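Quick caveat: nothing in here was measured; it's all calculated off a predicted structure.
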Amino acid sequence: MKSLIVAILILTSSIYAKNIWSENPNFKGINKNGVVRFNDFSKLAKILSPTVANLQVEVEVKRSRNPYHVNDPMHRFFDHFFDAPKGSFKNRGIGSGVIITKDGYILTNNHVIEYATTIKVTLLDDDKVYTAKIIGRDTKTDLALLKIEADKDLPFAYLGNSNKLEIGEWVVAIGNPFGLQHTVTTGIVSAKERKEVHPGNKAGYHNFIQTDASINPGNSGGPLFNLKGEIIGINTAISAAGQGIGFAIPINMAKKVISHILKYGEVKRAWLGVTIQEVSKELAESFKMKSPSGALVTYIVDDSPSQKSGIKVGDVILKFNNKKIKKSSDLPWLASMAEIDKESEVQILRNGKVKNLKIIMKAMPTKKQLLKTQNNNKSKNRLGLTIREIPRKYNIFGVLVERVKRNSISDNSGILKGDIIFKINDYNIKNIAKFNKVVKKLKKNEVVRLFIKRGNQNIFIGFRL
């Protein structure tokens, strides 16, 4: 049994960083014949519990005074007699983690340590209290990597392959629910690939393993093991609506996040630059597909990798780097983990024909960069108009009036928000650059003629500048 926690560091080269974790393909489980006996769980608990970490997190909470309470006598009573904290105070939380290397790397949930000022770690059969350092974290997958320093080799757990997990397979969860350290629960895998679950209604990459092994507050960040004693998930969420429904992040997803954190200090994601939707049964029939699958492209961002590769609105993306897209929700994660500035392959269905396109993936823009791009597609000018370029998918050449400055020459001339400007005098206006160039050349007292589309009508508006 000791072979399970022997430190064998496999330094396999990958497209990300060298692996720090260990995998043990030679370990066949408690019973090599595959028969599960009741005492197997006690054996696993004894071997694996030392690898599970108890996290005690301290968070500094800023206390804001509510102006509506200033004259409240009850508020003043508590402040005076119970020494209510002023400014800020310390709050404490608990969570779980799992040691994945002999030198103290710990995998846990991001939400466990997100606002932590101090993270204390205790282990089974170890009197020492360790202070953990955050190596990196990722909000989109709710994963974090910590590190503790010890003067000895620590027991660690092997990482398994969550892709091989079967529905109905026995699993073991170990964690610290409600602060009850090293609680062991068992159950089965109830379902896989639960992408519709969004803990806290937060956006992110979700592909949960569902299990009926009891998971409660404090279990977050703890491991979900298979009967080989391998980590196949990180417990992260429970369903408030019912018992026996818990969710874990697949360990294969965690492997990629860990690799990025070790190499870059963060997760660097690629992007396609498309908006997609599910292919319904009716849409599949209209596309002459045998069954619904893939991701239907509904919008393409200007100057994005997708636009440059030739992907068009109406294409159905069937595969990404030879991996089949069963549902549209499969695509974002696959695309995000593609190599940046390297060539990927996209298989699409267009007009009943399957095509393979090459695409150079780029780094996903930050919110600030996206906002800057949006602002670059707007323009304010001497006419008192705020205009925006029209997405190419609409095949309309012109610029859209987003705002008309009050009492400006455009406002006084009757130009309205929502008008589309096709022409200024005899110049065709195809984009903002052309609009700005023409407006800049207009002279004082010159008569200006605009040809615009308003609703279902095309009209001319004239005014003197």
Can you list every pair that meets salt bridge (charged side-chain N to carboxylate O under 4.0 Å, His left out) and has a residue in residues 342-362, with sequence neighbours left out? D315-R350, E339-K342, D341-K362, E345-K358
For [Y], is there any backbone N or O sitting under 3.5 Å from a side-chain donor or acceptor partner on [X]?
{"X": "T211", "Y": "G246", "result": "no"}
{"X": "T51", "Y": "L48", "result": "yes"}
{"X": "K323", "Y": "L331", "result": "no"}
{"X": "T185", "Y": "A213", "result": "no"}
{"X": "D212", "Y": "I188", "result": "yes"}

Taking distance alone, no hydrogens or angles, what donor-acceptor pairs closer than 3.5 Å link side-chain atoms of residues 280-290 to residues at least two apart or in another chain?
{"unit_1": "S280", "atom_1": "OG", "unit_2": "L283", "atom_2": "N", "d": "3.1"}
{"unit_1": "S286", "atom_1": "OG", "unit_2": "L283", "atom_2": "O", "d": "2.6"}

For [X] versus [Y], what's the shortest heavy-atom pair and its separation?
{"X": "A270", "Y": "A338", "answer": "CB-O, 3.7 Å"}
{"X": "T108", "Y": "G221", "answer": "OG1-CA, 3.5 Å"}
{"X": "I245", "Y": "Q210", "answer": "CG2-NE2, 4.0 Å"}
{"X": "E114", "Y": "T139", "answer": "OE2-CG2, 4.1 Å"}
{"X": "N19", "Y": "S259", "answer": "OD1-OG, 4.2 Å"}
{"X": "A248", "Y": "N235", "answer": "CB-OD1, 3.7 Å"}

When you compare the side chain of [Y] with that of [X], does any pair of heavy atoms fall below 4.5 Å?
{"X": "N207", "Y": "K195", "value": "yes"}
{"X": "P305", "Y": "L272", "value": "no"}
{"X": "L145", "Y": "I100", "value": "yes"}
{"X": "F225", "Y": "I231", "value": "yes"}
{"X": "L123", "Y": "I99", "value": "yes"}
{"X": "I251", "Y": "P223", "value": "no"}
{"X": "V274", "Y": "I300", "value": "yes"}
{"X": "K308", "Y": "I360", "value": "no"}

Pair I174-V98, side-chain contact (heavy atoms from CB on, under 4.5 Å): steps then yes or no: CA-CA 9 Å; I174 305 179; V98 59; over 6 Å; no
Between [atom1] of [X] and [atom2] of [Y], what distance do you get to the nearest 0.5 Å?
{"X": "N54", "Y": "S96", "atom1": "CG", "atom2": "OG", "result": "6.5 Å"}
{"X": "I348", "Y": "L296", "atom1": "CD1", "atom2": "CG", "result": "11.5 Å"}
{"X": "I387", "Y": "N431", "atom1": "CD1", "atom2": "CG", "result": "9.0 Å"}
{"X": "T101", "Y": "L107", "atom1": "OG1", "atom2": "CG", "result": "11.0 Å"}
{"X": "K256", "Y": "I261", "atom1": "NZ", "atom2": "CD1", "result": "14.5 Å"}
{"X": "S304", "Y": "I311", "atom1": "OG", "atom2": "CD1", "result": "8.0 Å"}

Answer with yes or no after comparing the ring centroid distance for Y105 and W21 against a 6.0 Å cut-off, counting only values under it.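 Ring-ring flag for Y105/W21: false, centres at least 6.0 Å apart.
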Hey, are E230 and K164 close enough for a salt bridge, meaning a charged N less than 4.0 Å from a carboxylate O?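 Looking at E230 and K164, the cut-off is not met.
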Less than 4.0 Å between a side-chain N and a carboxylate O, is that true for K324 and D330?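 Here D330 does not pair with K324 in a salt bridge, since their nearest N and O are not under 4.0 Å apart.
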Sequence neighbours left out, what passes side-chain hydrogen bond (donor to acceptor under 3.5 Å, both in side chains) with [X]? Give chain and number order.
{"X": "T236", "result": "N109, D142"}
{"X": "E278", "result": "S328"}
{"X": "N216", "result": "none"}
{"X": "Q56", "result": "none"}

With sequence neighbours excluded, residues passing salt bridge (charged side-chain N to carboxylate O under 4.0 Å, His left out) with [X]:
{"X": "E196", "result": "R194"}
{"X": "D138", "result": "R269"}
{"X": "K147", "result": "E149"}
{"X": "D126", "result": "K152"}

Report the relative orientation of the aromatic rings in F208 and H206; use parallel for angles under 30°, tilted for 30 to 60°, perpendicular for over 60°. parallel
With sequence neighbours excluded, what pairs up with E169 under the side-chain contact (heavy atoms from CB on, under 4.5 Å) test? L165, E166, V189, N226
For K327, is the NZ atom crowded, meaning more than 12 foreign heavy atoms sit under 6.0 Å from it?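 No, NZ of K327 has 12 or fewer neighbouring heavy atoms, counting only those of other groups under 6.0 Å.
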Can you confirm whether more than 12 heavy atoms, excluding those of N163, are under 6.0 Å from its CG atom?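 Enclosed.
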Residue pair V297, K312: steps toward the side-chain contact (heavy atoms from CB on, under 4.5 Å) verdict: CA-CA 7 Å; V297 178; K312 297 180 179 180; over 6 Å; no
Verify the distance criterion only: is there a donor paired with an acceptor across the side chains of S344 and N321 at less than 3.5 Å? yes
Partner of T122 under side chain to side chain contact (heavy atoms under 4.5 Å, CB included), chosen from V129, L55, D127: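 When side chain to side chain contact (heavy atoms under 4.5 Å, CB included) is applied between T122 and each of V129, L55, D127, only V129 qualifies.
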Residue pairs passing the ring pair (Phe, Tyr, Trp, His ring centres under 6.0 Å) test where at least one lies in residues 332-363, sequence neighbours excluded: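 Matches after skipping sequence neighbours: Y205-W333.
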M361/I359 under side-chain contact (heavy atoms from CB on, under 4.5 Å): CA gap, chis, key distance, verdict: CA-CA 6 Å; M361 300 296 287; I359 182 170; 4.1 Å; yes
So I148 and L154, side-chain contact (heavy atoms from CB on, under 4.5 Å) or not? Walk me through it. CA-CA 10 Å; I148 58 174; L154 296 173; 3.8 Å; yes
